[in-house]
Amino acid sequence: MADDNVLYQVEGPIARVTMNRPDYGNAQNSAMTYALDDAFYRAASDDDVAVVVLAGGRPALLRRARHRNAGP
């Protein structure tokens, strides 16, 4: 996955999806929303993945959603 807004790792049957916008408190924007969709689709398409863990990079899991595309 080329998007750094979301990190995707698989270890055994566990896929870890990490929101990675620490400078913005992991606030969602459209790029992150699309990257999350891609990560969940990727996990659903992998027969070896049984569990998906959603995590947020530090400092927060999710501070708030960004509803405008004005800026990062």
Side-chain angles (χ1 to χ4, degrees):
M1 185 173 304
D3 190 340
D4 290 337
N5 285 317
V6 173
L7 307 176
Y8 182 85
Q9 294 176 289
V10 175
E11 195 170 312
I14 300 169
R16 183 178 181 94
V17 178
T18 305
M19 294 181 289
N20 186 41
R21 294 186 74 219
D23 293 344
Y24 300 98
N26 293 316
Q28 283 187 286
N29 62 5
S30 59
M32 181 183 279
T33 300
Y34 291 125
L36 285 169
D37 285 348
D38 289 345
F40 291 130
Y41 180 78
R42 185 174 173 185
S45 299
D46 187 341
D47 291 336
D48 294 330
V49 172
V51 176
V52 177
V53 176
L54 176 63
R58 301 249 186 246
L61 173 62
L62 177 62
R63 188 173 295 159
R64 62 181 172 83
R66 290 182 61 96
H67 296 287
R68 297 182 184 182
N69 265 343

Where [X] and [Y] come nearest, the two heavy atoms and their spacing:
X	Y	value
Asn5	Met32	O-CE, 3.6 Å
Thr18	Gly56	CG2-C, 4.2 Å
Asn20	Asp4	ND2-O, 3.0 Å

By side chain to side chain contact (heavy atoms under 4.5 Å, CB included), which residues pair with Val49, not counting sequence neighbours?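 Per chain and number, Val49 pairs via side chain to side chain contact (heavy atoms under 4.5 Å, CB included) with Tyr8, Val10, Ala15, Ala43, Asp46, Val52.
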Just verifying a value: how many Å separate Arg21 CZ and Asn29 CG, rounded to the nearest 0.5 Å?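 Here the interatomic distance stands at 4.0 Å.
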Given side chain to side chain contact (heavy atoms under 4.5 Å, CB included), test Leu54 with Met19 step by step and report yes or no. CA-CA 8 Å; Leu54 176 63; Met19 294 181 289; 4.3 Å; yes
Can you list the steps and then say if Arg16 with Glu11 is a side chain to side chain contact (heavy atoms under 4.5 Å, CB included)? CA-CA 8 Å; Arg16 183 178 181 94; Glu11 195 170 312; over 6 Å; no
For Tyr41, the other hydrophobic cluster members (4.5 Å side-chain criterion, sorted by chain and number) are none
